[in-house]
Every structure is written in structure tokens, then in C-alpha cells.
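Nothing here was measured: the structure is a model prediction, and the numbers come from that model.
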Amino acid sequence: MAGIVHIFHAGRRGYRQRVHTECPKPLQQYTTEELYNRFRFGLDDINYIADLVRPQLQCRTLRSHALTVEEQVLIALRFYACGTFYEVIADSMGVHRTTVGEVVTAVSDALARLLDHFVTFPTDGQIAKVKQNFFLLGDMPNTIGVIDCTHVHIQAPRQREWEYVNRKGRHSINVQLVGDADLAITNCVVRWPGSVHDARIFRESRLFTEFQTNRPDGVILADSAYPLLPWVMTPFPTANTPSQMRYNNAHGRTMCAIERLNGVLKRRFACLNYLRVEPQGACQIILACIVLHNIAVHRRVPLSDIDDPPEPLAPADDLGPPMDFPLNERLSGGARDVEIEAGQMMDGETSGADQVQDVTTAVCWEVDVLREVAAVKGFLKFRGIFAGRVINMNVKIT
């Protein structure tokens with residue numbers, strides 16, 4: 001009787017057979033160059049990274065078609081490399097959107113635990129080599145590191161949102177990095193919101209506390225935002241003598257290393273240009289990218305050419321109507337159109353070319369945010385934000 005009831009209910013509920021989609025196999029189907037372009041690492045490097053995080057990510061069984069460690073690493077690397085939405089990564093890797101989010105979180109946490117292993121300050125036996133590399137780079141003696149901060153933009157957090165607004169008005173995490181002449185990261189601080197100044201991050205860091213007590217065998221170069229200390233060298237605000245000018249020149253050439261490091265880090269891992277996660281998750285992703293960057297430096301992983309070719313510009317006559325602003329840029333007040341002849345904005349008589357240049361300068365100074373400039377049929381068309389309102393300005397060329 002129980003069997004008959006079970007069959008009756010099973011027929012009414014309409015059970016469906018579970019269908020498991022076969023995931024693509026990037027390690028088998030892509031060439032080495034394609035792996036570099038899509039994941040920023042080659043086959044041997046991906047296997048090396050998978051072995052590092054295997055103890056944390058290895059599933060005990062293969063129930064429910066669990067992802068292998070290599071598949072999880074590939075999903076995370078694909079996100080780090082492009083930084084797009086989870087759904088786009090899911091479509092390319094043959095998994096669901098929620099799976100991508102869980103995998104990125106798990107892989108980021110596993111890589112962040114390896115920070116102390118891959119991000120270390122030069123030891124006593126390595127300092128001589130570091131000093132030599134810096135001297136060859138910019139003729140700056142006794143240098144053991146360069147320090148600077150970089151902002152990683154994030155979406156507005158749900159809690160304490162105002163703390164993450166930086167001086168440019170965007171939400172970010174302010175990341176302090178110390179690097180060497182080979183663009184390897186030797187120290188990092190990833191926990192401060194974007195509103196915090198670079199000097200405070202430095203004063204509150206363990207690096208500052210340690211070196212204030214035990215002075216290092218060398219100096220760290222920093223820009224003018226940092227304090228001048230016996231082991232921190234900053235440039236002269238104003239170089240009044242030839243020796244000061246030579247010092248500033250050598251200091252600037254050597255400081256280029258940290259600027260290049262920031263650029264290479266964000267170019268290799270495009271997700272660091274904008275993260276759509278909460279601050280805690282963003283910090284874990286940043287730490288994971290730092291660990292992966294040092295792995296790439298130590299294993300000499302090439303930085304592939306990932307720049308897209310520029311799109312061709314449309315002819316001036318085909319520009320069409322002014323662009324519409326998305327909802328997240330909506331401002332109070334409606335848009336208004338203004339048409340001004342160039343002669344009405346000048347004092348005195350000038351030629352047509354001078355008027356166009358002066359009007360362009362005047363409008364650029366007056367408009368708070370310049371959105372669009374185009375020359376169409378004898379007019380300079382400006383699209384921007386002025387006094388909190390969207391404006392369309394047509395300046396007639398006379």
C-alpha cells in the first residue's frame with residue numbers, strides 16, 4: 001500500500017531528471033597564449049597555483065559534480081583578469097552565477113592566507129642585491145624600497161558609506177604598497193577606507209612600528225605625502241641648489257618603480273579597477289591579487305598585450321542627438337539648451353580661430369563636468385554639468 005501511495009504522489013509531482021552541464025576544459029582547449037590572455041597565467045603556473053590552494057579547496061567527494069580545484073582556480077583567475085559581472089564569468093565557464101561568487105570568495109580567502117609566504121620584506125642577505133638594483137634604476141644609493149598608496153574603487157557599501165569616499169568623490173579602498181626595483185611587492189596594508197590619508201595609513205602600519213624601533217639597513221623612498229624620517233626619504237619641496245636638483249631627479253627616477261608597480265598590478269588584474277563587492281570581500285580580493293602578482297613576478301610570467309584597439313570616431317555630422325545620462329547620474333533640475341555667439345563672450349575683437357580657442361577654454365572652466373565636445377556645422381557643441389544642472393551649449397563660430 002505504501003508503495004502505491006508513493007507512486008501516485010511521484011506521478012502528480014512530476015519529478016524531473018537532474019541535468020548536469022559539462023563545464024568547458026580551458027586547460028585542454030586553449031593554447032599557451034590564449035591562457036595568458038584569458039587567465040594571465042600559463043598551464044604550469046595555473047597548476048602551481050592550484051597546488052598551493054588545494055588543501056583549502058579540495059572537496060572530500062565528487063557528489064553533485066563538485067568542481068575540481070583546477071576549475072575553481074580558473075574561475076577565480078578569469079574574474080581577476082577581467083573584473084566583469086559574475087554572470088558573464090558564469091556563461092564563459094559553464095557554471096551558475098552564484099557558483100562564481102562562492103568560488104571567487106573561497107579562492108580569494110585561500111590565496112590571502114598565503115600573504116606572509118609570498119609578500120616579505122628583504123632579509124639581511126637580500127638587502128645588498130635590492131640596493132644594487134635600485135641604484136642601477138635611478139642612481140639612488142642605499143634604497144631598500146619605495147612606498148606609495150593606490151585606490152581600488154568599489155561600489156558604495158551599505159554601512160558607513162561616507163568613510164569610503166576619497167578626495168575624488170569615489171568610493172575606494174586605500175591600499176599601501178612597498179615594492180622593489182623588480183616590481184615585486186614586499187609589504188602591503190589592505191584595510192583602510194578611501195577617505196584615510198596616506199600618512200595615517202603609514203603611521204598605523206606594522207612596518208612603521210617595526211622600523212621606528214629597529215631601524216633598517218637602508219632607506220625607503222616616498223613622495224611628499226609621507227613624513228621625513230631617518231629611514232624615509234622624501235623629495236625637496238623646492239630645489240634651490242644643483243645638489244638638491246640632482247637628488248630630486250634621482251628620487252623621481254627611482255620612485256617610478258612604485259608607479260609602474262601600481263600600473264602593472266591593475267593592468268594584469270582588471271578587477272582592481274572596480275569591485276562590485278562589500279569592503280571586506282574587496283580586501284580579500286585585493287590580497288589575492290597581490291599574492292598572484294608576486295607569483296607572476298617570481299615565475300617571470302609575461303604581461304600579455306591586452307589593450308583593445310581604439311574604436312574609430314564617428315564623423316561630426318553623424319553624432320546625432322546629445323547622449324542621455326543614465327539614472328545613476330541624474331541631477332536635480334532639467335536640462336537646458338543655451339546658444340551663445342562667440343563674440344558675446346569676449347572682450348574686444350579677435351579672429352575666429354582665437355574666439356573658438358577662448359570660448360573652449362572659458363566653457364571648460366565654467367562647466368563643472370564636461371561630458372561631450374564636438375564641432376558640428378559651424379557650432380561647438382558642449383554637453384556637461386553646470387551648477388548642478390545638465391546643460392547643452394551650442395557656441396557659434398564666427
Do Arg38 and Tyr30 meet the cation-pi criteria used here (NZ or CZ under 6.0 Å from the six-membered ring centre, within 45° of the axis)?
yes
Would you verify whether the NZ or CZ of Arg299 falls within 45 degrees of the ring axis of Tyr48 while also being under 6.0 Å from that six-membered ring's centre?
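Judged by the rule (NZ or CZ under 6.0 Å from the ring centre, within 45° of its axis), Arg299 counts as positioned above Tyr48.
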Can you pull out every salt bridge (Lys or Arg N to Asp or Glu O under 4.0 Å) where at least one residue sits in residues 214-231? Sequence neighbours excluded, please.
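Applying salt bridge (Lys or Arg N to Asp or Glu O under 4.0 Å) to every pair that reaches into residues 214-231, excluding sequence neighbours, yields Lys131-Asp217.
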Can you check whether [X] reaches [Y] side chain to side chain, under 4.5 Å on heavy atoms?
X	Y	value
Cys289	Ile286	no
Phe41	Leu292	yes
Ile75	Ile89	yes
Phe134	Pro141	no
Met233	Thr143	no
Leu52	Ile295	yes
Gln155	Glu278	yes

Test of ring centre spacing under 6.0 Å for Phe236 and Tyr247
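Phe236 vs Tyr247: aromatic centres under 6.0 Å.
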Would you check if the distance from the ring center of Tyr86 to the ring center of Phe79 is below 6.0 Å?
yes
Please name the pair of heavy atoms, one in [X] and one in [Y], separated by the smallest distance, quoted to 0.1 Å.
X	Y	result
Arg78	Cys82	O-SG, 3.0 Å
Cys271	Ile285	SG-CG2, 4.1 Å
Leu35	Gly42	CD1-C, 4.4 Å

Mark yes or no for whether [X], through its side chain, and [Y], through its backbone, hold a donor-acceptor pair below 3.5 Å.
X	Y	value
His251	Ala222	yes
Thr99	Val95	no
Asn47	Asp44	no
His96	Thr98	yes
Gln244	Asn240	yes
Asn294	Ile185	yes
Glu71	Thr68	yes
Asn174	Trp192	no
Thr120	Asp116	no

Can we say Arg54 and Glu70 salt-bridge, meaning some charged N sits less than 4.0 Å from an Asp/Glu carboxylate O?
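Judged by the 4.0 Å cut-off on N to carboxylate O distance, Arg54 and Glu70 do form a salt bridge.
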Between [Y] and [X], do the side chains contain a donor N or O and an acceptor N or O under 3.5 Å apart?
X	Y	value
Thr186	Asp180	no
Asn214	Glu210	yes
His171	Glu161	yes

Other residues, nucleotides, ligands: >12 heavy atoms within 6.0 Å of Phe85 CZ:
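Check fails, neighbour count at 12 or below.
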Heavy-atom count around Gln28 CD within 6.0 Å, excluding the residue itself: above 12?
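More than 12 heavy atoms, drawn from other residues, nucleotides or ligands, come within 6.0 Å of this atom.
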For Ile127, which fellow cluster members are found when Ile, Leu, Val, Met, Phe, Trp and Tyr are connected by side-chain heavy-atom distances below 4.5 angstrom, either directly or through intermediates?
Phe121, Ile144, Ile147, Val178, Phe202, Leu207, Phe208, Phe211, Ile220, Tyr226, Leu229, Trp231, Val232
Mind checking side-chain contact (heavy atoms from CB on, under 4.5 Å) for Asp109 and listing every partner two or more places apart, or none if nothing turns up?
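Result, side-chain contact (heavy atoms from CB on, under 4.5 Å) vs Asp109: Thr105, Gln284.
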Looking at Val291, Ile290, Val297, which hits side-chain contact (heavy atoms from CB on, under 4.5 Å) with His293?
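For His293, the side-chain contact (heavy atoms from CB on, under 4.5 Å) check succeeds only for Val297.
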